[in-house]
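These notes concern the structure reproduced below.
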Amino acid sequence: MNATNSKPAGATRPKAWLAWSSGKDSAWALHTVRQAGKFEVVALLTTVNSTYQRVAMHAVRESLLEMQASEAGLPLVKVPIPSPCPNEIYECQMGDAMARARAEGVWHVIFGDLFLEDIRAYREKHLAACGMTPVFPIWRRDTRRLAQEMLAGGLSAYLTCVDPRKLAASFAGRRFDADLLKGLPEGVDPCGENGEFHTFADAGPMFRESISVAAGEIVERDGFVFADLLPGAAAGGELELPRPDCETRRS
């Protein structure tokens, strides 16, 4: 597997952090940027629920997040946020992270957003205020074709969070694969861009090696259904999950 930035001979590229949600879209954005070679990705940026030690909204254990960064060959910049998380706290924490980025010579942040204009506008507005520039390498890609491209390219992922108002709870914990795509109801975006589901990427060309995970407990909390993924065959304990509050559309 290819987990390095391709670098044209003699080229000097701008450094970038990549906003890493632990899911397939940010993982594919990393692969896409590395293939294009325009930016040098030097770190992954992730909001982590400091109460539960999990990735915001995706509810992925911090230990699995760290495994992803290791297999991607990149340092991990964690932005701790409380649960619940008011906007002003989120923006203050992210502002501190952007100050660190600038101090390290990083002026770009890469996102795996697909088509939601309000989210893109939010990122552009707040990054501009920090003197940073957002990059959207998979923006406006046809999501069905993109999902198929991901699978054909070797990406593997699990659904870790499902909104049961948009998709049946039974999809939580399932693999993101061709069978799942065929079984999605009409109106559900194949990449879950409207919040129907969130994922954890466990293999693909952005990683050196695949990450061994085992499906754990399925729980419903605060109107969402979560599938707890465990490292390998590790035993899980009581499942504590972050609230799906303001973190939902920003991580």
Side-chain angles (χ1 to χ4, degrees), residues 1-7 13 16-47 55-58 60 64-74 76-77 108-117 119-120 123 134-162 171 174-182 184 188-211 213 229 249-251:
M1 295 184 183
N2 179 18
T4 59
N5 295 310
S6 58
K7 184 176 182 180
R13 297 169 298 159
W17 284 0
L18 187 138
W20 185 262
S21 68
S22 78
K24 60 180 176 34
D25 297 338
S26 59
W28 203 249
L30 174 60
H31 174 60
T32 300
V33 168
R34 281 173 162 171
Q35 290 293 101
K38 183 177 179 181
F39 295 94
E40 180 187 3
V41 180
V42 295
L44 302 179
L45 174 70
T46 307
T47 51
V55 178
M57 195 59 211
H58 290 233
V60 168
L64 287 175
L65 169 66
E66 291 167 351
M67 289 179 189
Q68 287 182 317
S70 177
E71 294 302 336
L74 291 168
L76 183 63
V77 178
H108 296 82
V109 181
I110 296 165
F111 295 94
D113 297 311
L114 299 177
F115 59 72
L116 296 178
E117 296 285 355
I119 293 180
R120 176 166 180 157
R123 301 197 196 286
V135 180
F136 303 92
I138 55 177
W139 181 254
R140 285 294 180 188
R141 294 284 307 276
D142 178 273
T143 53
R144 181 161 297 280
R145 292 181 181 178
L146 180 60
Q148 293 168 345
E149 177 185 306
M150 290 176 182
L151 296 177
L155 182 136
S156 172
Y158 287 88
L159 272 63
T160 60
C161 176
V162 167
F171 278 83
R174 285 186 56 180
R175 274 195 175 277
F176 180 78
D177 57 17
D179 288 339
L180 181 136
L181 291 178
K182 290 178 184 177
L184 290 176
V188 172
D189 183 74
C191 287
E193 182 69 351
N194 292 309
E196 298 98 331
F197 59 86
H198 301 282
T199 60
F200 171 82
D202 64 295
M206 67 293 302
F207 298 133
R208 294 168 176 150
E209 299 290 342
S210 61
I211 299 164
V213 295
L229 293 184
R249 305 186 343 159
R250 294 181 311 211
S251 59

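These figures come from a predicted structure and were not determined experimentally. We number each residue from 1, following the sequence as shown.
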I'd like to check the side chain to side chain contact (heavy atoms under 4.5 Å, CB included) partners of Thr46; sequence neighbours left out, ordered by chain and number. Trp20, Val48, Val55, Leu65, Leu76
Of all residues at least two apart in sequence or in a different chain, which pass the side chain to side chain contact (heavy atoms under 4.5 Å, CB included) check with Thr143? Leu114, Phe115, Asp189, Pro190, Cys191
Could you pull out the closest heavy-atom pair between Asp113 and Arg123, with the gap in Å? OD2-NE, 2.5 Å
With salt bridge (charged side-chain N to carboxylate O under 4.0 Å, His left out) as the rule and sequence neighbours excluded, what pairs involving residues 148-159 come up? Arg141-Glu149
Flag, side chain of Gln35 to backbone of Val33, donor-acceptor distance under 3.5 Å: no
Exam field: side chain Asp177 to backbone Asp179, donor-acceptor pair closer than 3.5 Å: yes
Below 4.5 Å, heavy atoms only, C-beta onward: do Leu229 and Val60 meet side chain to side chain? no
Give the intermediate values and the outcome of side-chain contact (heavy atoms from CB on, under 4.5 Å) for residues Trp28 and Leu30. CA-CA 5 Å; Trp28 203 249; Leu30 174 60; over 6 Å; no
Smallest heavy-atom separation, Leu181 atom then Ala147 atom, equals CD1-CB, 3.9 Å
Do Arg140 and Glu117 pass the salt bridge (Lys or Arg N to Asp or Glu O under 4.0 Å) test, and can you show the C-alpha distance, the side-chain angles, and the key distance before you say yes or no? CA-CA 10 Å; Arg140 285 294 180 188; Glu117 296 285 355; 2.8 Å; yes
Mind listing the closest non-hydrogen atom pair of Ala43 and Val77 along with its distance? CB-CG2, 4.0 Å
Checking Arg120 now: which residues fulfil salt bridge (Lys or Arg N to Asp or Glu O under 4.0 Å) with it, not counting sequence neighbours? Glu124
side-chain contact (heavy atoms from CB on, under 4.5 Å) between Phe197 and Phe176: does it pass, once the steps are laid out? CA-CA 10 Å; Phe197 59 86; Phe176 180 78; 4.2 Å; yes
List the steps, then state whether side-chain contact (heavy atoms from CB on, under 4.5 Å) holds for Leu18 with Ser26. CA-CA 8 Å; Leu18 187 138; Ser26 59; 4.2 Å; yes
Closest approach of His108 and Val135, non-hydrogen atoms and distance? CD2-CG2, 4.0 Å
State the CZ-OG distance between Phe207 and Ser70, to the nearest 0.5 angstrom. 10.5 Å
Can you measure from CE (Met150) to NZ (Lys24) and round to the nearest 0.5 angstrom? 5.0 Å
Report yes if the distance between the aromatic ring centroids of Phe200 and His58 is under 6.0 Å, otherwise no. no
Could you tell me whether the side chain of Thr160 reaches within less than 4.5 Å of the side chain of Thr199, counting heavy atoms only? no
Exactly one of Ile138, Leu45, Val41 should register a side chain to side chain contact (heavy atoms under 4.5 Å, CB included) with Ile110. Which one does? Val41
Residues which pass side-chain hydrogen bond (donor to acceptor under 3.5 Å, both in side chains) with Asp202, listed by chain and number, not counting sequence neighbours: Ser156
Main-chain N/O of Glu209 paired to Glu71 side chain as donor or acceptor, under 3.5 Å: yes
Sorted by chain and residue number, the salt bridge (Lys or Arg N to Asp or Glu O under 4.0 Å) partners of Arg145 (sequence neighbours excluded) come out as none
Can you see which heavy atom on Glu193 is nearest to which on Leu116, and at what distance? O-CD1, 3.1 Å
Are Arg175 and Tyr158 side-chain neighbours, meaning at least one heavy-atom pair lies under 4.5 Å? yes
dist Phe171:CZ -> Leu159:CG (nearest 0.5 Å) comes out at 8.5 Å
Do Met206 and Leu155 touch side chain to side chain, with heavy atoms closer than 4.5 Å? yes
Nearest 0.5 Å, please: how far is CD1 in Ile211 from CD in Gln68? 5.0 Å
